[in-house]
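For reference, the structure discussed in these notes is given below.
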Amino acid sequence: MQPKTLSTMTKAELVKAIAAQTGAEAVTVSAVVEQMMEEIRRSMIGGENVYLRGFGSFILKHRAQKVARNIAKNTSVTIPAHNVPAFKPSKEFLGKVK
């Protein structure tokens, strides 16, 4: 059995596909997609997680402070604690991808 070939979809292709499936104008779909991304971004910057039932969660993962090494200069660098945005797919979505 050969593995699936992975491909990518751009935001423009996503907008085009949604417009074709819904019959809505691409300009309207583009505005909705942009606003959705902006709202997710704004919520996460404000410290909120975003849960989309049946799709997944946009969550903030906390990274503790740690000491890293700069091998080129042979020095230690302290990386402060910080949050990192992450996406966690729902079990249903993950099952369909597998």
Side-chain angles (χ1 to χ4, degrees):
M1 176 155 95
Q2 289 186 338
K4 284 185 177 180
T5 303
L6 297 178
S7 61
T8 59
M9 176 181 265
T10 65
K11 185 171 30 170
E13 292 169 337
L14 177 65
V15 167
K16 188 176 177 180
I18 293 170
Q21 292 175 11
T22 62
E25 290 187 30
V27 174
T28 305
V29 173
S30 179
V32 170
V33 169
E34 284 290 336
Q35 191 57 45
M36 181 179 172
M37 291 188 321
E38 182 56 37
E39 205 52 47
I40 291 170
R41 198 177 296 124
R42 189 177 302 135
S43 294
M44 293 187 78
I45 289 170
E48 293 180 274
N49 293 329
V50 178
Y51 301 102
L52 303 175
R53 209 176 287 259
F55 182 70
S57 304
F58 294 91
I59 58 173
L60 292 172
K61 290 188 174 184
H62 182 74
R63 299 286 188 233
Q65 178 178 314
K66 65 180 180 180
V67 177
R69 303 252 330 132
N70 182 340
I71 297 171
K73 296 181 181 179
N74 196 26
T75 58
S76 295
V77 179
T78 301
I79 299 173
H82 59 283
N83 290 323
V84 178
F87 176 73
K88 182 180 178 187
S90 70
K91 289 181 182 179
E92 176 185 326
F93 179 35
L94 195 57
K96 289 182 179 181
V97 171
K98 286 183 177 180

Between atom CD of Gln65 and atom OG1 of Thr78, what is the distance when rounded to the nearest 0.5 Å? 6.0 Å
If you round to the nearest 0.5 Å, how far is CZ of Arg63 from CG of Asn83? 9.5 Å
same_hphob_cluster([X], [Y]) at 4.5 Å side-chain heavy-atom cutoff:
X: Met9; Y: Val29; answer: yes
X: Val50; Y: Ile45; answer: no
X: Leu60; Y: Tyr51; answer: no
X: Ile40; Y: Ile59; answer: no
X: Leu52; Y: Val97; answer: yes

Walk me through it: do Ser90 and Phe55 pass the test side chain to side chain contact (heavy atoms under 4.5 Å, CB included)? CA-CA 5 Å; Ser90 70; Phe55 182 70; 5.5 Å; no
So, does Ser43 use its side chain to make a donor-acceptor pair with the main chain of Glu39 at under 3.5 Å? yes
Sub-3.5 Å donor-acceptor pair from the side chain of His82 to the main-chain atoms of Pro80, do we have one? yes
Note, Val84 side chain near His62 side chain (heavy atom, < 4.5 Å): no
Provide the closest heavy-atom pair for Gly54 versus Phe93 in the form atom of the first, atom of the second, distance. O-CB, 4.2 Å
Minimum heavy-atom separation for Ala26 to Val15, with atom names? O-CG1, 3.5 Å
Over 12 foreign heavy atoms within 6.0 Å of [atom1], [X]:
X: Arg69; atom1: CZ; value: yes
X: Glu25; atom1: CD; value: no
X: Met36; atom1: CE; value: no

Side chain to side chain contact (heavy atoms under 4.5 Å, CB included), that's the test. Do Lys88 and Asn49 meet it? Break it down for me. CA-CA 11 Å; Lys88 182 180 178 187; Asn49 293 329; over 6 Å; no
Below 4.0 angstrom, N of the basic side chain to O of the carboxylate: do Glu38 and Arg41 qualify? yes
